[in-house]
Every structure is written in structure tokens, then in C-alpha cells.
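Notes follow once the structure below has been shown.
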Amino acid sequence: MSCVGQQLNLRSFFPSFPSSSSSSSSCCCWWNSNQTKKRISFSIVNSVAISNAQTQKRLRLKQLFREANERCLNDPMDGVSFTLQDFTQALDHYDFHSQLGTKVIGTVFCTDENGALVEIAAKSAAYLPLQEACIHRVNHVEEAGIVPGFRAEFFIIGENEANDSLILSLRPMQYGLAWERCRQLQADNVVVNGKVVGAKKGGVMVEVEGLRGFVPFSQISTKSTGEELLEKELPLKFEEVDEKQSILVLSNRKAVADSQPQLGIGSVVIGSVRSLKPYGAIIDIGGINGLLHVSQISHDRVTDVEAVLQPGDILKVMILSHDQERGRVSLSTKKLEPTHGDMIRNPKLVFEKAEEMAQTFRQRIADVEAKARANMLNSSPRLTLSSGGSYLRRD
């Protein structure tokens with residue numbers, strides 16, 4: 001074969017082989033070179049070896065991926081020593097276990113219109129319903145200060161079987177604090193305000209410190225009915241606080257009496273007739289109800305109170321006594337009469353002369369008290385000093 005032929009055949013495999021424009025002698029010299037032959041032969045063999053190695057590696061990787069995919073689809077736990085059952089048992093072992101009625105520390109991490117989700121270190125978040133968030137009535141838990149990040153002690157009251165989570169409450173702890181506060185307020189004799197939320201036969205129900213209390217009608221300073229007092233606020237004092245028996249009794253009469261200054265005996269005040277009774281008239285004197293007994297209306301005998309007084313009448317009365325502890329005030333117009341029977345015949349004159357007659361009454365009382373003290377001193381043994389320095393008794 002000629003050099004040209006050899007050149008053409010080699011170029012079909014090696015494009016970089018010298019072109020046909022080269023001389024025949026050059027071609028033959030290149031082909032006949034032993035070093036060149038060895039280089040060409042090594043390049044061909046090495047290229048084929050690399051290509052085969054890469055192909056085999058790709059095939060092995062492809063087979064590994066195929067096998068892994070089949071295991072994930074058909075038997076995902078194949079070769080794993082820690083099974084799903086082991087995982088479930090571990091959760092049960094380290095899960096939060098507590099009985100109903102016990103307490104747990106938790107942190108609120110989410111709120112909604114129905115309540116709040118609370119983290120208590122359990123596998124499921126606990127839930128605080130809106131109605132269990134506060135002893136006061138609220139429309140959203142945030143009104144009770146319960147926001148994300150709020151941390152407190154909660155009371156476990158139930159379990160939601162649907163998602164195996166606990167139901168929490170703050171009300172038991174708040175009730176305990178409310179009772180303790182009521183006991184302290186009673187000990188300190190403090191006046192509080194309570195809202196009337198219900199009416200019963202013997203009195204009204206009020207809400208104080210988040211608790212329901214009872215105020216008997218005998219401890220209400222006004223003669224209003226229970227229905228008339230609904231939704232109104234009353235000043236109150238604690239009469240009885242018993243958490244064990246859930247008894248909370250209060251008095252409006254004592255609170256009103258303590259809020260008023262001590263009414264001086266013999267002082268004249270203006271009042272209005274609230275109601276008439278067979279035994280007298282109930283007089284409102286600046287928020288305090290006083291009794292004008294039928295015997296204290298006039299020196300003349302009064303058999304029919306309605307013949308002298310009518311509800312709504314404005315009149316001047318004199319204070320006969322004021323019992324702050326019991327919230328009772330006794331009144332009189334009889335002591336203000338210039339002459340006997342004026343309250344029946346000429347009440348206008350009685351009111352005009354009220355201060356003057358009251359001053360006369362107070363002076364008369366002062367004279368009586370001074371005379372009583374003098375008689376007491378005169379009746380007591382007298383002591384004189386003897387020459388020896390000792391006291392001698394003289395009757």
C-alpha cells in the first residue's frame with residue numbers, strides 16, 4: 001500500500017492526521033516512526049478503557065438508585081433497626097402524663113376567637129377554651145391578658161379524644177384568689193362595689209371580685225324591689241365569707257352608713273318621703289333611709305299617717321339616733337313643733353321654726369346631761385387631805 005493510501009486510511013480514524021498535500025516522503029517517514037506508532041496505539045487503548053469504566057460506574061449507580069427506590073416504595077423500614085413501633089413507644093414513654101384535676105405549667109403560643117393553644121411539653125398542644133379563660137365574662141381571651149407568650153399554671157379539666165390533647169382551665173386558680181381577696185377585704189372592713197345580677201325572694205344576687213354573693217333585702221338601704229335593682233351597682237360590705245360552703249353574704253346598709261358621716265343627735269336635715277307604713281314613714285335623707293315613727297310625727301296623736309304625709313313630700317326632720325353598725329336612723333318632727341299639733345295643722349310653721357326648735361332641744365339635752373353629771377359628782381364620796389398626808393373620806 002502506498003503512503004498516500006495509508007494516509008487516507010489513518011485520517012478516517014484520526015482527523016488530525018496530516019493532509020494529502022504533504023509529500024509522500026514525509027508521510028512515509030511519519031508512518032514508519034516507531035515512537036509515533038506507540039503513541040497512537042496507547043491513545044486508542046486508553047480512550048476505550050476510560051469509556052468502559054465510566055459506563056460501568058453509571059450502570060452501577062443507576063442500579064443502586066433503582067434498588068433504593070424499590071425499597072422506599074415496598075419496604076421503607078428494611079435495614080432500619082429503630083422501627084415505627086419503637087418510635088411510638090418512645091413517644092408514649094416520654095409523653096406528658098397527668099390526671100384530671102391536677103395542675104400543669106404551660107405557655108400560650110396561639111390564640112383565636114374560641115380560646116388559646118398552650119404548649120405543655122406534651123406530644124400534642126393543650127387547649128384553653130374561652131369560657132375557661134377567666135371568671136369574668138370576656139369575648140376574647142386577650143381581654144383577660146392571655147396572649148402568645150403568656151405563661152401560667154393551668155388546671156387540667158378534660159381530654160379531647162379526637163386528637164388526644166388536654167383541655168385546660170384558669171378558672172379554679174382565679175376562684176381561689178378571689179375568695180382569698182374577699183376574706184382580706186372583710187378583715188380590713190373595706191367597702192366594695194357589686195353589680196346586681198339577679199333577684200331572689202329574700203334579696204338580690206351580686207357579683208363581687210368575680211364571685212356571686214347574696215344581699216338580703218334587710219341589708220339594702222333602699223326599699224327598691226329586686227327587679228328595680230337589676231344591673232345597678234351597690235356599695236357593699238362583707239358579712240360572711242365561707243369558701244368551703246360557697247357562702248358569700250354582703251350588706252349594702254352597712255356600706256352606706258359607713259360612707260356617711262355620723263349624724264349628730266338633734267341636728268336638722270332635709271328629707272323626702274319614700275313610702276308610708278302603718279307604723280310611720282320611710283324618709284330618704286341623702287341616700288340613707290330613716291324611720292319617722294308614727295309616735296314621732298306630732299305631739300297630738302296620729303292614727304292615719306296618710307292624713308299627714310304623702311310619698312314625695314319634702315320636709316325637715318330632726319335626728320333622734322343613728323346606729324351606724326345596723327344602718328338605722330330614727331327621726332322626729334314632733335320635737336320641732338312650736339306648739340303641740342302644729343305638724344298636723346300647720347307643717348309650714350314647723351319647718352320655718354325647725355332650726356330654732358332643734359337648738360332649744362339640744363340646749364335642753366345639754367342642761368339635762370350637765371345636771372346628771374353634777375348629781376353624779378355630788379353623790380360620789382369626797383376625799384380630803386389630812387395633816388398627815390393621807391386622804392380622808394367625807395360623805
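Within the 4.5 Å cutoff, side-chain heavy atoms of Val269 are placed close to those of Val317. Contact check for Leu170 versus Phe150: side-chain heavy atoms found under the 4.5 Å cut-off. Using a 4.5 Å cut-off on side-chain heavy atoms (C-beta onward), Glu337 and Met357 make no contact. Considering only heavy atoms from C-beta on, Lys232 stays 4.5 Å or farther from Lys195 through its side chain. Using a 4.5 Å heavy-atom cutoff, the side chains of Ser330 and Leu291 are not in contact. Glu143 places none of its side-chain heavy atoms less than 4.5 Å from the side chain of His136. Looking at heavy atoms from C-beta onward, Val215 lies out of side-chain contact with Ser251 at the 4.5 angstrom threshold.
Judged by distance alone, the side chains of Arg362 and Gln359 do bring a donor and an acceptor atom under 3.5 Å apart. Side-chain contact, Glu67 with Gln63: a donor N or O sits under 3.5 Å from an acceptor N or O.
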Practice item. Given side chain to side chain contact (heavy atoms under 4.5 Å, CB included), test Leu309 with Met343 step by step and report yes or no. Key: CA-CA 10 Å; Leu309 300 172; Met343 190 60 195; 4.2 Å; yes
Review point. Is there a side chain to side chain donor-acceptor pair (under 3.5 Å) between Gln184 and Arg181 once you walk through the steps?
Key: CA-CA 5 Å; Gln184 188 61 48; Arg181 179 164 173 77; over 6 Å; no
Practice item. For the pair Phe351 and Ile314, evaluate side chain to side chain contact (heavy atoms under 4.5 Å, CB included) and give the outcome as yes or no after the intermediate values. Key: CA-CA 10 Å; Phe351 302 150; Ile314 305 298; over 6 Å; no
Check your understanding: Taking it one step at a time, do Asp342 and Lys353 satisfy salt bridge (Lys or Arg N to Asp or Glu O under 4.0 Å)?
Key -> CA-CA 11 Å; Asp342 282 344; Lys353 298 285 186 177; over 6 Å; no
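Contact detail for Gln296 and Ser332: the closest heavy-atom pair is OE1-OG, 2.7 Å. Closest non-hydrogen pair, Ser169 versus Glu132, comes out as OG-OE1, 2.5 Å. Ala133 and Ala144 get closest at one heavy-atom pair: O-CB, 4.4 Å. Nearest heavy atom pair, residue Ile120 against residue Leu168, reads CG2-CD1, 4.2 Å. Of all heavy-atom pairs spanning Ile344 and Arg301, the tightest one is CD1-O, 4.3 Å.
With hydrogens and angles ignored, the 3.5 Å screen pairs a side-chain donor or acceptor of Asn252 with a backbone N or O of Pro235.
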